[in-house]
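One structure below.
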Protein chains: 2
Amino acid sequence: MPRKTDARSEILDAAERRIRLNGYNGFSFRDIAADIDVKSASIHYHFPTKGDLGAAVIDRYSEIFFRLVEEGGKAGNDWVGRYVARFRHALLKDRMVCLCGILGAEISGLPVAVADAARTFFLKGRLRLAENLVVGGLSPADADARALSLIAALQGGLIVARSLDDPAAFESIVRVALDGLN
Amino acid sequence: MPRKTDARSEILDAAERRIRLNGYNGFSFRDIAADIDVKSASIHYHFPTKGDLGAAVIDRYSEIFFRLVEEGGKAGNDWVGRYVARFRHALLKDRMVCLCGILGAEISGLPVAVADAARTFFLKGRLRLAENLVVGGLSPADADARALSLIAALQGGLIVARSLDDPAAFESIVRVALDGLN
DNA sequence: GTCTATAATTTGATAGAC
DNA sequence: GTCTATCAAATTATAGAC
């Protein structure tokens, strides 16, 4: 009998949550298996190695992240605003840091495929943010510098605000970062 | 025969390096033991549990970090400038992120004593930075907001720049962050 | 696709000799 | 203080039944 929801998606959900809470080295196949009530051998059927699972988690995370930023919605009608809103959502709704923030911190100890996927997330954010800032009137050089600064503020802001258990700290950091864009 | 250098310090050195590269869950007592050529049982003599070791690593790191910021030196003659310089040193000389940056990212999966020590590092930086910004002429509220923003920019900047293997990205982030203080 | 079973290794930690 | 030896549990991963 098939599961009520796709097993592969459930695995990715559980793995993403575990990584965002404890890091790549902070979860095991058995943790994920217990989370979704299967045996760890079943996880290996879908993702042969832990590196495969890690890379798949990032790929899906990145795809969803940028799709939500692109599509827009009630979170705001500008690309940069929606990019920021995804980080706010991570802290306030998920109560977690960004997947690629924690993986970026651990990057030197990650399997190559996982490290590359995390790098790509940062690179894509840098490029797309800068593009949008150029449209907003900044020079390409200024836009790149501001894009980098915003990414750093948001990633660092999530980590610091969650460490201090102080969501208002994140809002304060965002306010300063966005002020800098005008 | 005693070792040529204090064993306890060598353990802390190796553990700090391992944590800053792979995270708290990314090293084992045997890793540390191999690094300094002793057996893992010897590590347990100095630090009974992994949590004890983790907390001791942070305490020493924080003590040295703020002592170097306080004492000054050729890195600059203002407190804020020297605070920033410690992060630059982490990236360029150590080629690592900040110990408390990576631990902050993992904080929800850490032993309580380790999590508390990491929190204290952020709290102390926030307070001391804000004090110095008030002396520089900012209102207490603005100083706190700017202190938080600088910490986030530096922690996020280290993670992003190292993930992208792009030290210039860190310098760009720092330039924008310090511009915002004037 | 999921299971049982298990291999091979690693983990944090302890007991006790020196 | 450091060692040998060991433990119980956990780890990633595989083989093969259903």
Side-chain angles (χ1 to χ4, degrees), chain A residues 1-19 21-58 60 102-103 106 108-115 117, chain B residues 1-19 21-58 60 102-103 106 108-115 117:
Chain A
M1 187 174 74
R3 325 196 94 236
K4 54 175 186 284
T5 65
D6 182 52
R8 191 188 159 93
S9 295
E10 282 189 279
I11 294 167
L12 290 172
D13 288 343
E16 179 186 317
R17 184 175 160 278
R18 289 270 180 183
I19 296 173
L21 289 176
N22 301 339
Y24 181 81
N25 292 308
F27 82 97
S28 72
F29 273 58
R30 277 176 176 76
D31 290 331
I32 307 297
D35 286 343
I36 66 173
D37 200 37
V38 296
K39 298 299 171 181
S40 67
S42 302
I43 317 286
H44 281 284
Y45 169 80
H46 294 279
F47 305 97
T49 71
K50 194 177 177 179
D52 293 330
L53 174 54
V57 168
I58 304 179
R60 190 191 64 157
I102 189 165
L103 290 173
E106 296 177 297
S108 56
L110 300 179
V112 190
V114 180
Chain B
M1 186 174 73
R3 328 196 92 235
K4 56 175 185 287
T5 65
D6 182 51
R8 190 186 159 94
S9 295
E10 283 190 279
I11 294 167
L12 290 171
D13 288 343
E16 179 186 317
R17 183 175 161 278
R18 289 269 180 183
I19 296 173
L21 289 176
N22 301 339
Y24 181 81
N25 293 308
F27 82 98
S28 72
F29 274 59
R30 279 173 178 77
D31 290 331
I32 307 297
D35 286 343
I36 66 173
D37 201 36
V38 296
K39 298 299 171 181
S40 67
S42 302
I43 316 285
H44 282 283
Y45 170 80
H46 295 280
F47 306 97
T49 71
K50 194 178 177 180
D52 293 330
L53 174 54
V57 168
I58 305 178
R60 190 191 64 157
I102 189 165
L103 290 173
E106 296 177 296
S108 55
L110 300 179
V112 189
V114 179

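Reminder, nothing fancy here: chain letters follow the sequence lines and each chain counts from 1.
- To the nearest 0.5 Å, atoms CD1 (B:Ile19) and CD (B:Glu106) are separated by 8.5 Å.
- Computed from coordinates, the B:Asp6 CG to D:dT2 C1' distance equals 14 Å when rounded to whole Å.
- Residues in residues 22-36 of chain A take part in these salt bridge (charged side-chain N to carboxylate O under 4.0 Å, His left out) pairs, two or more places apart or across chains: A:Arg18-A:Asp35.
- Cation-pi check for A:Lys50 over A:Phe27 is met; the charged atom lies under 6.0 angstrom from the ring centroid and within 45 degrees of its normal.
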The contact string for nucleotides 4-18 of chain C, one letter per nucleotide 5' to 3', using protein heavy atoms under 4.0 Å with B, S and - for base, sugar-phosphate only and none, comes out as B-B----BBBB----

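- Between the side chain of B:Tyr24 and the backbone N or O of B:Gly51, at least one donor-acceptor pair lies under 3.5 Å.
- A:Ser42 has no side-chain polar atom (N or O) that falls below the 4.0 Å cut-off from OP1 or OP2 of C:dG1.
- One can place CG of A:Asn25 at 18 Å from P of D:dA10, the figure rounded to the nearest angstrom.
- Scored by the ring pair (Phe, Tyr, Trp, His ring centres under 6.0 Å) test, B:Phe47 finds no partners at all (sequence neighbours excluded).
- Distances shorter than 4.0 Å separate some side-chain N or O of B:Tyr45 from OP1 or OP2 on D:dG1.
- Atom CG of A:Asp13 and atom CZ of A:Arg60 lie 4.5 Å apart (nearest 0.5 Å).
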